[in-house]
2 protein chains.
Amino acid sequence: MRVPDQEVEKRLERFRGAAREAGLKLTHQRMEIFHEVASTEDHPDADAVFRGVRERIPTVSLDTVYRTLWLLEDLGLVATLGPRRERTRFDANFTSHHHFLCGRCGLVRDFEHEEYDMLDVPPEVKRLGPVSRVSVEVRGVCRECAGRLRRKKGSKR
Amino acid sequence: MRVPDQEVEKRLERFRGAAREAGLKLTHQRMEIFHEVASTEDHPDADAVFRGVRERIPTVSLDTVYRTLWLLEDLGLVATLGPRRERTRFDANFTSHHHFLCGRCGLVRDFEHEEYDMLDVPPEVKRLGPVSRVSVEVRGVCRECAGRLRRKKGSKR
DNA sequence: TTAGGTGCAAATTCTTTGCACCCTG
DNA sequence: CAGGGTGCAAAGAATTTGCACCTAA
């Protein structure tokens, strides 16, 4: 699944701006790593990004890829699927419920909400395969982390 | 976040039934491991389950915990948060979109759907912290895996 | 009794870190 | 030219596997 060139360019531009603003260096590696994630809808993992970038920069190292991906996530330019930097977590609650996820600390909070339980699945999605569950993922920052962030930002200024 | 005793008992009973039906042994370890996941809403990771179970069975091993958790997942008695058995995956698509996840192979497919873009966040969730994104997660089995499963089940009979 | 389950320890796989050199700003 | 960024190699986590013994059915 490729992303249209125009959209990719827009994303790259956003990255250049964000990097400038944050005082980060725009290295060859960083550009290629972001490009790799920005130009596909495949949700690559770190290793897939690494393999892709290596075709153009044969000397990149996997650790640079990791460092850059997390950096991009801090900048808000890429997101992770599921809870951030977390190992697999388990859940035995099969009554319909939804999740609030804190993108900072990985907190997951269940909640119930009737409106969300009644969502229809669009036909083109049903075509992808039998659906077993639909749930809503609300992402944000929990109160505790929000407090921490506010303090940090404040102290910088 | 504790789960009411009555609900826990219901879940344990479901496990006993599923195990019997699948011809699995109901060992002390399995009961305690499932109990540990079934009695909390904390979405523990494998290590948290291990630590909990160890208080009652000091000799359990972490690998038994892993094996049992995946077994429970196969039985459909526990679910994992995010894509199954997967490492972290990255996404640079910030236009509003939603995911279809295959619980077998980890396939993630983006899709857009206006109805889902307009969901309101209930006030008690807003109270948890500032919300940055709301998205819908549709879980199921992709066509390819569904085909594989059907073949396997068929051949057993 | 006996096949499936467990514990142990070692192997893998994934991710992070320390450090010396390099390159962007 | 200075300080952040990179590559390398090695450390650290997280998860899986092989094998001999154990135990639920």
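Below, read A as the first sequence line, B as the second, and so on, with proteins coming before strands; counting in each chain starts at 1.
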Taking the basic N atoms (NZ, or NE/NH1/NH2) and the acidic carboxylate oxygens, is any pair closer than 4.0 Å for B:R139 and B:E137? yes
So, is B:R67 near the phosphate of C:dG5, with a side-chain N or O under 4.0 Å from OP1 or OP2? no
Separation of B:I33 atom CD1 from C:dG5 atom C1', in whole Å? 11 Å
Between B:H98 and B:F111, what is the ring plane arrangement, given parallel below 30°, perpendicular above 60°, and tilted in between? tilted
Test item: B:I33 and B:T64 side chains (from C-beta on) under 4.5 Å apart, heavy atoms: yes
Contact interval (first through last nucleotide) of DNA chain D with protein chain B, 4.0 Å heavy-atom: D:dA14 to D:dA25
If you assign A:L62 and B:D63 each to the DNA chain C nucleotide with the nearest heavy atom, which residue ends up on the more 5' nucleotide? B:D63
Without decimals, in angstroms, what is the distance between A:L26 CG and C:dC22 P? 22 Å
4.5 Å side-chain heavy-atom contact, A:R11 and A:V3: yes
On DNA chain D, nearest-nucleotide positions of B:D45 versus B:T27: which is more 5'? B:D45
Sorted by position of nearest nucleotide on DNA chain D, 5' first, the leading residue of B:Y66 and B:H28 is B:Y66
Using whole Å, report how far CZ of B:F50 lies from P of C:dT6. 14 Å
Any heavy-atom pair between the side chains of B:M31 and B:T27 that's under 4.5 Å? no
Are B:H43 and A:H99 close enough that their ring centres sit under 6.0 Å apart? yes
Check whether any side-chain N or O of A:W70 sits under 4.0 Å from OP1 or OP2 of C:dT15, and answer yes or no. no
Residue met sooner reading DNA chain C from 5', once B:V60 and B:G23 are mapped to nucleotides: B:G23
Rounded distance (Å) that lies between atom P of C:dC14 and atom CZ of B:F90: 13 Å
Is it true that A:R16 and A:E9 have a side-chain N and a carboxylate O under 4.0 angstrom from each other? yes
Any A:R87 side-chain nitrogen or oxygen under 4.0 Å from OP1 or OP2 of C:dC14: no
